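Working notes, beginning with the structure itself.
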2 protein chains.
Amino acid sequence: MEKVTCFRNIGQLIQVQSGGETPTIVKKTRCALLVSQGRVKKVIPDSEVHLHDFFREVDLAGRAVLPGFVDCHTHLIHAGNRKDEMEQRMAGASYMEIHKNGGGILSTVKATRQATEDELHETARLRVLRMMTLGTTAFEIKSGYGLDLDTEKKMLRVGRRLRKNLKIPVTLTYLGAHATPKGKTSNQYFEFVMEHLPEFRSLADGVDIFCEKGVFTVAHLRRLFLHAKLVGFHQLRAHVDEFSHQGGCHNAARLGAISCDHLEHITPHDIRALQLAGTTAVLMPGANFSLGSKKIPPVHAMLKAGVNLALATGYNPGSHPSYNMQTVLGMAQSLYRITPDQALIAATHGSARALDSHEDFGGLRLDQRADFIVLKTGDYRDLFYCVGENFVEQTYSAGKKVKGWKNPVTF
Amino acid sequence: MEKVTCFRNIGQLIQVQSGGETPTIVKKTRCALLVSQGRVKKVIPDSEVHLHDFFREVDLAGRAVLPGFVDCHTHLIHAGNRKDEMEQRMAGASYMEIHKNGGGILSTVKATRQATEDELHETARLRVLRMMTLGTTAFEIKSGYGLDLDTEKKMLRVGRRLRKNLKIPVTLTYLGAHATPKGKTSNQYFEFVMEHLPEFRSLADGVDIFCEKGVFTVAHLRRLFLHAKLVGFHQLRAHVDEFSHQGGCHNAARLGAISCDHLEHITPHDIRALQLAGTTAVLMPGANFSLGSKKIPPVHAMLKAGVNLALATGYNPGSHPSYNMQTVLGMAQSLYRITPDQALIAATHGSARALDSHEDFGGLRLDQRADFIVLKTGDYRDLFYCVGENFVEQTYSAGKKVKGWKNPVTF
């Protein structure tokens with residue numbers, strides 16, 4: 001007999017439906033969520049629970065239940081921190097100035113090269129457990145703090161260990177083209193990345209590149225994408241048009257990028273390219289917030305054009321060392337002036353689409369993974385109303401309660 | 001014999017010294033904080049702890065210890081919530097539009113008038129316990145959701161009950177001139193406030209007025225302040241120049257305001273007035289954040305002019321229903337581009353000065369109240385580095401550990 005768990009007495013159940021032109025939030029009250037073999041089997045009115053005989057019943061006492069958050073852009077595996085740099089930024093230095101002076105990414109590269117695989121795994125594992133406690137049930141991790149073969153592979157092996165041990169959906173991205181290591185020109189290093197790309201096919205699900213003035217060019221992006229497709233990578237991603245308009249967005253979209261990330265400086269031309277290609281726009285309000293960005297992505301124009309939006313933490317030890325999607329929701333509302341429904345869709349279904357997994361999870365729909373969170377209150381809008389609080393009481397991954405980690409993780 | 005408690009093995013002790021022109025942060029490592037009769041008696045190197053015999057020793061295992069946060073501007077006592085209004089704002093309505101349509105403050109007035117004194121006390125008590133758990137050890141509460149004699153007095157009586165029962169420093173402010181109730185013109189209602197002002201002298205420590213286009217004028221502010229001084233109120237406060245420049249700031253400062261709050265639209269002329277009068281500028285980045293303010297207060301010009309800055313949550317059920325000073329620190333850094341030291345001074349000593357209590361608390365200096373927080377980490381900069389986490393592990397008020405409340409408080 002099928003073992004069905006009944007999560008009953010749900011005050012407010014939030015699902016994301018994606019049938020029509022744009023995905024929509026569906027709210028049900030006083031209902032029960034039936035889960036079997038880690039997947040959503042049915043939603044029934046709470047008044048009908050007594051008519052059935054379930055393997056297990058969990059009383060949620062009127063609380064709100066939502067799809068778990070999907071965080072489709074993180075740099076979660078690294079050693080060291082960059083608190084000094086944060087103080088420099090507040091004293092007026094720009095992100096790119098710090099980067100040029102050997103700080104920024106390169107200081108994290110130094111620390112990450114020195115760390116052992118076990119050390120990297122342990123710190124990342126705690127971050128993941130904390131992330132899940134805060135409501136995230138699936139996420140992506142990029143390499144890119146090695147900029148050499150050994151360390152890039154070490155990072156991706158750590159990602160694979162996390163995926164295997166924690167049994168949660170983890171997407172891995174090879175971001176060799178994140179920055180240029182000391183002693184090489186960007187062209188020299190880029191050729192090195194191209195040459196060794198096939199070695200990463202068995203380690204990562206996709207590739208990514210930081211396309212920006214002073215980092216890598218649109219020509220690099222085009223060559224990387226074409227080569228990656230030949231090698232067999234399905235997921236092409238790119239950090240584009242964050243600090244200036246380089247044209248990375250429309251080039252990446254036309255070459256079949258699954259996601260274009262950042263997008264502060266894109267134009268209507270880029271938006272059309274995203275829409276035509278079905279490329280997801282990944283927005284990271286936390287980075288806008290921490291960097292005090294003067295320019296934010298044209299969110300409303302993208303929504304109007306029907307571009308799929310995703311929200312992500314963009315966790316990284318430099319501009320935004322936070323893995324908390326709840327904070328991201330509040331920041332998205334405040335910085336982008338979008339409604340709770342729009343933000344929540346982008347943080348679940350929209351973000352799952354950036355991972356090519358929106359059929360599998362992100363909507364808490366029938367037959368999807370039972371990845372969900374239970375709030376401390378009965379109204380999901382509290383997440384937006386009272387920013388800075390932790391409203392997530394319980395996180396479930398494939399129907400199983402996540403043990404999690406209760407403390408902040410800082411190193 | 002004097003009973004001395006020794007908080008030992010402190011990894012990083014933060015004090016605010018105020019001797020010179022501008023207050024400064026003093027950091028000590030590996031030390032012990034000696035507390036007697038609720039006050040700071042001495043700081044000694046941790047290596048000398050064994051030379052003494054203490055009544056009690058508390059091992060803080062390398063954690064950071066900071067002065068508790070002081071929140072000098074809150075509207076903490078109220079009934080109801082305004083989540084619907086939040087959604088309206090995201091759909092494009094302005095704060096002042098909502099206010100004019102009978103929403104905003106007036107909807108909270110309706111709910112607060114209907115609530116019993118016990119109901120108001122219980123919700124406010126939980127908010128205070130949660131606030132303290134998050135690191136606040138002293139704060140101010142304003143009335144202003146009654147706009148009639150009974151409810152305004154009821155709110156202030158609730159404030160006095162909180163102060164008495166919780167035994168913490170609570171400053172109470174009569175904000176009769178917060179908005180105009182239905183059925184009266186602002187002039188009619190203002191005369192009513194003026195007439196009954198003496199009745200509030202025994203209930204509140206100070207007065208406040210919302211001076212803004214469409215609310216109360218600078219002429220109202222001037223009359224209120226002069227009358228309040230005659231009646232015997234010592235603490236004059238004003239919400240000024242938030243949405244437009246009305247001249248409230250320099251008028252309030254010249255009439256001896258202890259604090260001018262908001263200040264988004266002030267001019268260099270206003271800054272000089274604040275500096276000359278020794279008036280504290282109370283800034284609320286949370287309100288700027290939630291309202292998506294295009295204009296933020298001229299923080300660096302004020303710092304340069306030597307104006308005392310205070311940071312506050314500005315907790316209120318409309319624009320910023322958060323009582324979390326940790327979030328305020330992160331927002332201040334991001335929105336105002338100030339350093340961790342500048343923000344922390346403003347959130348402790350600076351805010352205590354807005355309550356005329358900077359001799360008594362706010363710096364964790366010798367002979368001050370032993371109001372302090374213990375972080376989960378050993379570096380206070382984590383508060384600024386990883387915004388959205390809760391880093392406060394323990395809160396002490398007058399040397400006693402606060403029991404607190406672990407859940408968000410929403411109604």
Side-chain angles (χ1 to χ4, degrees), chain A residues 81-92 130 134 286 288-293 300 313 315 317 320-328 330-331 333-343 375-379 381-391 393 406-411, chain B residues 81-92 130 134 286 288-293 300 313 315 317 320-328 330-331 333-343 375-379 381-391 393 406-411:
Chain A
N81 70 61
R82 278 149 64 188
K83 291 181 215 174
D84 292 338
E85 186 182 309
M86 166 189 78
E87 284 187 301
Q88 287 169 34
R89 276 207 312 275
M90 291 310 127
R130 179 69 188 149
L134 295 169
N288 297 142
F289 175 82
S290 299
L291 294 172
S293 307
H300 287 275
T313 60
Y315 173 94
H320 191 64
S322 167
Y323 31 65
N324 188 349
M325 283 292 283
Q326 295 180 63
T327 322
V328 164
M331 288 175 177
Q333 173 177 257
S334 171
L335 291 175
Y336 303 158
R337 314 312 286 174
I338 56 179
T339 64
D341 281 13
Q342 289 168 333
L375 300 191
K376 291 172 184 168
T377 74
D379 186 352
R381 295 181 307 168
D382 285 329
L383 286 168
F384 297 85
Y385 187 57
C386 189
V387 175
E389 269 289 10
N390 174 18
F391 283 102
E393 187 184 77
K406 74 177 170 54
N407 283 321
V409 183
T410 54
F411 295 93
Chain B
N81 70 61
R82 278 149 63 187
K83 291 181 214 174
D84 293 338
E85 185 182 312
M86 165 189 76
E87 286 187 299
Q88 288 169 34
R89 276 207 313 274
M90 291 309 126
R130 180 68 187 149
L134 295 168
N288 297 142
F289 176 83
S290 300
L291 294 172
S293 308
H300 287 275
T313 60
Y315 173 94
H320 190 66
S322 167
Y323 32 64
N324 188 347
M325 283 292 285
Q326 294 179 64
T327 322
V328 164
M331 290 174 175
Q333 173 176 257
S334 171
L335 292 175
Y336 302 158
R337 313 312 285 173
I338 57 178
T339 63
D341 281 13
Q342 289 168 332
L375 298 191
K376 291 171 184 169
T377 75
D379 186 353
R381 294 181 308 167
D382 285 328
L383 286 168
F384 297 86
Y385 187 56
C386 188
V387 176
E389 271 288 11
N390 175 19
F391 284 102
E393 187 183 77
K406 76 178 168 54
N407 284 319
V409 182
T410 52
F411 294 93

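For clarity, every value in this text was computed on a predicted model and none was experimentally measured.
A:Ile338 and B:Met90 get closest at one heavy-atom pair: O-CG, 3.4 Å.
Residue with the most contacts toward chain A among B:Gln326, B:Gln342, B:Arg130, B:Arg89: B:Arg130 (heavy-atom pairs, distance under 4.5 Å). Top candidate by heavy-atom pairs under 4.5 Å with chain A, chosen from B:Leu134, B:Leu335, B:Thr327, is B:Thr327. In terms of non-hydrogen atom pairs under 4.5 Å with chain A, the most contact-rich of B:Ser322, B:Gly388, B:Pro317, B:Pro321 is B:Pro321.
The part of A:Pro340 that comes within reach of chain B is its side chain, from C-beta onward, which places non-hydrogen atoms under 4.5 angstrom from that chain. Contacts of A:Ser290 with chain B are made by backbone atoms alone, with heavy-atom separations under 4.5 Å and no side-chain atom involved. Only the backbone of A:Leu291 comes within contact range of chain B, judged by heavy atoms closer than 4.5 Å.
Distance check: A:Arg381 CZ to B:Glu87 CD gives 4.5 Å after rounding to the nearest 0.5 Å.
With no hydrogens or angles considered, a side-chain donor-acceptor pair links A:Glu389 and B:Tyr323 at under 3.5 Å.
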Inset, instruction - Please lay out, stage by stage, how A:Arg82 and B:Tyr385 fare under the test side-chain contact (heavy atoms from CB on, under 4.5 Å). - result: CA-CA 8 Å; A:Arg82 278 149 64 188; B:Tyr385 187 56; 3.9 Å; yes
Inset, instruction - Applying side-chain contact (heavy atoms from CB on, under 4.5 Å), run through B:Met331 and A:Phe289 and close with a yes or a no. - result: CA-CA 8 Å; B:Met331 290 174 175; A:Phe289 175 82; 3.8 Å; yes
